[in-house]
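In what follows, a single structure is set out as structure tokens and then discussed.
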Amino acid sequence: MPLDQTAKLDQPLEFAGYDLVRRLGQGGMGEVWSVVQRGLYDAARALAIKVMLPDLSEREDYCDIFIREGRTSMQFSSSNIVPVFELGRHNGLLY
């Protein structure tokens, strides 16, 4: 299930508790989306989310690489590295 092939969505699409707003790009293993995470009392924060490509999500070797990348990235804390807050699976897709 490709999420959407348009650059910007007319309506945000909910994915794992995030509102997908716009696809920023696609690489070899996934798509990166601009998202909004909503909280109580109209709290919101803009984030980016990387979602594994659907055709690769069925391959255990690629899933292992994606998970290892996410787990490793969560260990780093630097102003020069994008922080990773969460690693999960939604509707069969790793993010």
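These values consider heavy atoms only, across backbone and side chains, with no hydrogens, waters or symmetry-generated copies. In this chain, residues are counted from 1 in sequence order. None of these values were measured; they are calculated from a predicted model.
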### Message
To check you understand the geometry: which heavy-atom pair defines the closest contact between Ala48 and Val32, and what is its length?
### Response
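That closest heavy-atom pairing would be CB-CG1, 4.2 Å.
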### Query
If every non-hydrogen atom of Leu93 is compared with every non-hydrogen atom of Ser57, which pair is closest and at what distance?
CD2-OG, 3.8 Å
### Query
Is there side-chain contact between Met29 and Leu56, with heavy atoms separated by less than 4.5 Å?
yes
### Query
Can you tell if the side chain of Tyr95 reaches within under 4.5 Å of the side chain of His90, non-hydrogen atoms only?
yes
### Query
Are Val51 and Phe15 close enough, and set up right, to give a side-chain contact (heavy atoms from CB on, under 4.5 Å), and what steps lead you there?
CA-CA 10 Å; Val51 181; Phe15 181 85; 3.9 Å; yes
[X]-[Y] co-clustered via ILVMFWY side chain contacts under 4.5 Å:
X	Y	answer
Met74	Ile65	yes
Leu24	Leu53	no
Leu47	Leu87	no

### Query
Can Glu86 and Tyr18 be counted as having a side-chain donor-acceptor contact under 3.5 angstrom?
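The answer is yes; a qualifying pair exists.
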### Message
Under the rule for ring-ring contact (aromatic ring centres under 6.0 Å, His included), what residues qualify as partners of Phe66, not counting sequence neighbours?
### Response
none
### Message
Measuring from atom CD of Glu14 to atom CG of Leu20, what distance do you get when rounded to the nearest 0.5 angstrom?
### Response
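Reported to 0.5 Å precision, the distance equals 8.0 Å.
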### Query
Which pairs with one or both residues in residues 60-73 pass side-chain hydrogen bond (donor to acceptor under 3.5 Å, both in side chains), sequence neighbours excluded?
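Passing the test, one end in residues 60-73: Lys50-Glu69, Arg59-Asp61.
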Scan the side chains in residues 34-45 for donor-acceptor partners under 3.5 Å anywhere in the protein, sequence neighbours excluded, and list what turns up.
residue, atom, partner, partner atom, Å
Gln37, OE1, Arg45, NE, 2.9
Gln37, OE1, Arg45, NH2, 3.0
Arg38, NE, Asp19, OD2, 3.0

